[in-house]
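Structure first, then comments.
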Amino acid sequence: MTGHTVSALARLVGGRVVGEDSRPITGIGDLQNAGPDQIGFVRDANWFAAARSCRAGALITSQELDVATTQILVDDVGAAFARVAQLFHPLPSVTEHLIDPSASVHPAAKLEDPVLVGPVAAIGRATIGQGSMIMHGAVVGDGCVLGKGCVIHPNVTLYPDVRLGDRVTIHAGTVVGSDGFGYAREGRTWIKIPQIGNVVIGDDVEIGSNCTVDRATMGATAIGPRTKIDNLVHLGHNVVIGADCIMAAGSMISGSVTIGDRVTVGGHVLMAGHLKVVSDTRLGGSTGLVRSVEEPGEYMGYPVMDKRQHLRLLQKLPELMELFERVEALERREKRD
Amino acid sequence: MTGHTVSALARLVGGRVVGEDSRPITGIGDLQNAGPDQIGFVRDANWFAAARSCRAGALITSQELDVATTQILVDDVGAAFARVAQLFHPLPSVTEHLIDPSASVHPAAKLEDPVLVGPVAAIGRATIGQGSMIMHGAVVGDGCVLGKGCVIHPNVTLYPDVRLGDRVTIHAGTVVGSDGFGYAREGRTWIKIPQIGNVVIGDDVEIGSNCTVDRATMGATAIGPRTKIDNLVHLGHNVVIGADCIMAAGSMISGSVTIGDRVTVGGHVLMAGHLKVVSDTRLGGSTGLVRSVEEPGEYMGYPVMDKRQHLRLLQKLPELMELFERVEALERREKRD
Amino acid sequence: MTGHTVSALARLVGGRVVGEDSRPITGIGDLQNAGPDQIGFVRDANWFAAARSCRAGALITSQELDVATTQILVDDVGAAFARVAQLFHPLPSVTEHLIDPSASVHPAAKLEDPVLVGPVAAIGRATIGQGSMIMHGAVVGDGCVLGKGCVIHPNVTLYPDVRLGDRVTIHAGTVVGSDGFGYAREGRTWIKIPQIGNVVIGDDVEIGSNCTVDRATMGATAIGPRTKIDNLVHLGHNVVIGADCIMAAGSMISGSVTIGDRVTVGGHVLMAGHLKVVSDTRLGGSTGLVRSVEEPGEYMGYPVMDKRQHLRLLQKLPELMELFERVEALERREKRD
């Protein structure tokens with residue numbers, strides 16, 4: 001592993017060195033295990049004690065520590081951590097055109113050299129941009145168009161006509177473009193509404209493992225650029241999500257929901273169909289959304305409410321039994337008087 | 001794409017034409033994008049404005065609009081949409097017997113000509129009915145029996161002994177027949193209870209992507225005919241679901257739950273083990289079911305209650321903090337008197 | 001199927017025979033369907049009626065029944081059921097070294113004879129212990145180490161560097177080792193934090209289908225020995241779970257949560273990041289955990305509270321509307337006086 005001097009790392013993260021500028025660093029480590037060739041990260045005051053006793057060669061911190069260890073002082077330790085970690089652990093990239101002989105590639109597929117197609121992957125009449133990787137057992141349906149530098153992990157299924165921008169990463173087992181859940185009632189039963197739309201995903205989107213993104217009934221289910229989605233998330237047909245959103249694991253977004261930009265969604269959230277959530281909204285974990293959110297802000301709960309109001313409610317709820325008793329007591333005393 | 005006249009479409013959906021009977025239509029479109037060869041759908045009054053400004057060649061609507069566009073008047077726009085969409089976008093069907101050379105088919109498997117077996121699919125000592133499609137990477141275990149016209153999407157896993165009726169569709173990544181979650185406590189640990197039952201699925205069932213349907217401990221986990229299940233739904237061992245049910249994404253149905261016919265279940269519902277839900281019940285999204293439902297009706301909430309009662313409660317809940325204060329004020333004034 | 005005498009079965013489960021010691025039994029059955037060669041199980045008093053009318057050759061029960069059928073009396077019917085079922089339905093095992101020719105095995109992979117590698121499975125530069133089975137389409141990444149007797153079901157994906165103990169079972173579609181959900185905010189967008197840790201799973205762990213277990217940011221996401229996890233469960237990066245835990249379907253455990261030993265978690269639970277749950281805690285279904293649990297006990301609800309307190313609250317909640325009215329009435333009468 002190539003090393004970098006502390007001063008080179010400081011330049012990368014826009015930080016100031018306190019200590020040994022020229023010290024060589026060959027990797028990152030956590031405060032418990034980092035050795036003298038590694039750099040550690042002091043995320044906040046909770047880590048001060050560990051930082052004091054650690055053996056790391058250098059520390060990145062937002063506040064100067066009274067230790068002998070060389071330090072890089074930065075405004076935002078999280079962002080500095082990401083930059084330094086990416087330096088030592090670059091994201092996967094393809095340099096050589098390599099199609100595994102066991103892969104099944106349609107003769108009319110268009111693969112922009114170099115791409116990597118792993119064992120027993122299947123590529124239909126699709127277009128795969130330069131530098132993309134299609135891993136073991138992944139399926140790319142007819143009519144799909146993938147931009148440059150996409151990473152499609154094992155056992156992913158892209159149904160036909162899915163469109164991915166550049167540098168889209170999709171983790172293992174995720175399904176994109178399966179039929180939206182659309183049926184019409186006819187008498188006492190249901191008939192299927194063909195789902196003839198598609199899915200369009202912007203540049204630099206990352207989707208976790210075992211998610212499901214349904215194709216649109218007509219038009220497109222869409223995810224805006226740089227949005228990040230955790231594992232086991234469901235996006236229904238015709239959902240439209242903006243740019244730079246974050247959505248945590250287990251959230252279920254029903255059909256035709258529209259979400260703006262820079263929205264963060266906690267885990268296990270349910271959104272009912274056809275709702276709208278404006279840009280710059282933050283929804284806490286477990287939120288149950290049965291009305292649209294029209295003002296940016298922090299929200300939580302079922303029913304959804306202002307986050308602080310909800311937290312006060314959560315704190316008070318265990319006293320509800322007592323409240324019943326207090327009201328009963330009031331009624332009893334009133335009667336007696 | 002073959003065209004159909006407006007009058008032919010009207011016959012198909014049992015509707016009445018207002019305007020140009022013989023106008024040729026070659027496809028469907030949404031109101032924003034439909035061109036003069038396409039037919040659009042006016043689902044309800046919310047779509048009147050879009051209908052007035054659209055360029056579609058014809059409209060299907062339940063209420064005559066004051067526009068020059070040719071219209072087909074129907075009672076139920078949703079059902080008409082489904083029928084017309086199916087006409088222009090027929091569901092997939094198999095006309096030619098085609099076993100991809102990379103598929104792995106057990107010599108004793110029985111494939112009723114024609115079936116389609118895609119690349120690197122695996123079929124054990126199983127029976128596959130005429131017209132069925134087993135797509136890329138799907139696994140059909142030993143002893144499975146599939147009816148006619150089934151569609152098994154990529155990377156689906158059917159464990160041994162699963163039985164599907166005719167025209168069953170299973171979307172990508174779904175697992176049917178994995179072991180039920182059965183352990184017996186022995187001292188401070190758990191020992192596995194072998195799951196020796198199977199899964200039986202009726203005709204015309206459709207299951208979404210990345211669902212899990214566990215096999216029974218003994219006997220069968222069962223899904224009745226025409227029931228439709230959305231993505232990321234879990235059915236535990238020995239769950240029995242009736243006919244014509246609808247179950248939305250992310251619902252978790254614990255072991256041995258019994259659900260009647262025509263039950264609709266919203267998203268993100270949890271049902272505790274061994275409960276019963278009678279036919280013609282409707283459960284809203286996020287319902288947490290910890291008791292059986294013995295009367296048909298509309299229910300929601302945790303604890304589950306009558307839907308209207310629950311909605312009133314949801315509306316009132318944000319005022320709970322205030323209620324605490326009002327009771328405190330009453331107590332204070334009472335003391336003072 | 002080999003038979004066993006009633007007395008042999010009684011010895012296996014530490015029970016006492018009432019009736020015909022030497023009766024041969026060839027399998028297990030449920031009380032509705034068991035025939036004279038089969039043994040049935042009377043789990044509790046709810047099954048007494050079925051036990052009286054059943055045709056089974058013998059019954060295992062914790063309480064002697066007034067029936068002519070031969071009985072084995074045991075303390076714990078559940079554990080006896082598991083032992084007898086395992087006798088007649090042994091868990092899968094590998095006796096012959098068998099690598100399917102369509103599997104893709106890295107030349108430097110180390111496979112301890114005998115192992116079974118199914119069709120189109122892929123094994124990187126990994127180590128697979130004796131007696132393990134890697135089924136159809138499963139992927140074992142570079143650097144993975146699997147112990148003896150592991151069962152990896154179809155279409156499972158193990159990312160690089162995952163470590164499994166002995167006799168670990170992972171059901172179909174589950175993904176272990178995908179990137180943790182880690183991003184740092186930079187301006188108005190997000191940059192990826194490389195996830196360079198791994199996942200370490202102890203002996204005798206079983207994980208259900210379509211789960212997701214993320215690798216650690218640094219260090220390891222860990223599951224202790226004998227812990228059992230149901231379907232569609234998510235474990236975020238750096239989650240640490242102890243030994244002998246049980247976790248039901250659809251639970252979402254956010255990053256860096258630490259769970260002790262012998263913890264049971266109901267279905268559809270959400271745990272917020274960085275929380276701690278002590279050993280011997282029981283969390284009911286639908287629990288929403290936003291604070292750590294520091295005392296062993298039974299808990300439920302959102303906010304989490306003592307189980308009995310929560311059940312009382314659930315019972316009372318439907319009367320909340322009425323409580324509002326009662327307070328209003330008190331206020332009205334007070335005003336009038």
Side-chain angles (χ1 to χ4, degrees), chain A residues 102 104 120 122 137 139 141 155-157 159 173-175 178-179 181-186 188-197 210-212 214 217-219 232-234 236 250-252 254 268 270 272 288 290 301-303 305 309 312-313 316-317 319-320 323 326-327 329-330 333-334, chain B residues 28-30 32-33 76 78-83 85-86 88-91 100 102 118-120 135-137 153-155 169 171-173 204 206 208-210 226 228 230-232 243-244 246 248-250 261-262 266-268 285-286 302 314-315 317-318 320-321 323-324 327-328 330-331 334:
Chain A
S102 66
S104 156
V120 301
V139 177
N155 293 324
V156 163
T157 302
Y159 277 61
T174 283
V175 176
S178 47
D179 282 357
F181 197 58
Y183 302 91
R185 191 185 277 278
E186 201 176 60
R188 306 185 87 187
T189 189
W190 303 93
I191 52 173
K192 184 176 176 70
I193 298 172
Q195 304 288 307
I196 65 178
N210 283 345
C211 291
T212 63
D214 279 351
T217 306
M218 290 193 283
L232 291 171
V233 168
H234 162 72
S251 288
M252 302 285 142
S254 303
H268 237 208
L270 174 68
V290 290
Y302 176 63
M305 51 186 101
Q309 185 189 8
R312 277 198 306 268
L313 191 64
K316 211 70 183 172
L317 212 52
E319 296 171 33
L320 185 58
L323 188 67
R326 286 161 63 186
V327 171
L330 279 165
R333 290 194 297 264
E334 186 196 40
Chain B
I28 67 174
D30 54 35
Q32 283 69 44
N33 300 304
D76 182 338
F81 174 51
R83 287 294 172 206
Q86 285 187 7
F88 289 111
H89 301 271
L91 301 179
D100 192 279
S102 65
V120 299
M135 296 191 184
H136 180 97
H153 281 278
N155 293 324
T169 297
H171 282 280
D204 299 295
E206 183 160 7
S209 40
N210 283 345
R226 299 176 302 282
K228 315 297 184 189
D230 202 350
N231 301 340
L232 291 171
D244 299 309
I246 283 276
D261 300 329
R262 297 171 304 281
H268 237 207
S286 281
Y302 175 61
L314 272 196
Q315 210 167 4
L317 213 51
L320 185 59
M321 291 306 293
L323 189 68
F324 272 96
V327 171
E328 207 172 303
L330 279 165
E331 291 168 337
E334 187 197 38

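The sequence lines fix the lettering, A, B, ..., with proteins before strands; numbering per chain opens at 1.
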Name the option with the most non-hydrogen atom pairs under 4.5 Å to chain A; the candidates are [options].
options                                    : result
Gly78(B), Ala79(B), Ala172(B)              : Ala172(B)
Val120(B), Val327(B), Leu323(B), Asp204(B) : Val327(B)
Pro90(B), Ser209(B), Gly137(B), Gly250(B)  : Ser209(B)

Just give me the residue among [options] that pairs up with chain B most often, heavy atom to heavy atom, under 4.5 Å.
options                                    : answer
Glu334(A), Arg333(A), Glu319(A), Lys192(A) : Lys192(A)
Leu232(A), Val156(A), Asp214(A)            : Asp214(A)
Met305(A), Glu186(A), Arg326(A)            : Arg326(A)
Gln309(A), Arg312(A), Met252(A)            : Met252(A)

Contacting region of [X] [heavy-atom separation from chain B under 4.5 Å]:
X         : answer
Tyr159(A) : side chain
Thr189(A) : both
Leu313(A) : both

Set out, in order, the CA-CA distance, both residues' side-chain angles and the distance that settles side-chain contact (heavy atoms from CB on, under 4.5 Å) for Phe81(B) and Thr217(A), then state yes or no. CA-CA 11 Å; Phe81(B) 174 51; Thr217(A) 306; 3.8 Å; yes
State, without any angle test, whether Asn155(B) and Thr157(A) hold a side-chain donor-acceptor pair at a distance under 3.5 Å. yes
Contact class of [X] relative to chain A, heavy atoms under 4.5 angstrom:
X         : value
Gln32(B)  : neither
Pro154(B) : both
Asp76(B)  : side chain

Do Thr169(B) and Asp179(A) come close enough that some side-chain heavy atom pair is under 4.5 Å?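 They are not in contact (no side-chain heavy atoms under 4.5 Å apart), so the answer is no.
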Of the non-hydrogen atoms in His234(A) and Ala249(B), which two are nearest, and what is the gap between them? CD2-CB, 3.4 Å
By side-chain contact (heavy atoms from CB on, under 4.5 Å) - contacts of Ala243(B) (at least two apart):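 Per chain and number, Ala243(B) pairs via side-chain contact (heavy atoms from CB on, under 4.5 Å) with Pro225(B), Arg226(B), Asp261(B).
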Not counting sequence neighbours, which residues clear side-chain hydrogen bond (donor to acceptor under 3.5 Å, both in side chains) with Ser102(A)? List them please. Asp100(A)
Using a 6.0 Å cut-off, check whether atom CD of Gln315(B) has over 12 heavy atoms from anything other than its own residue.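 Check fails, neighbour count at 12 or below.
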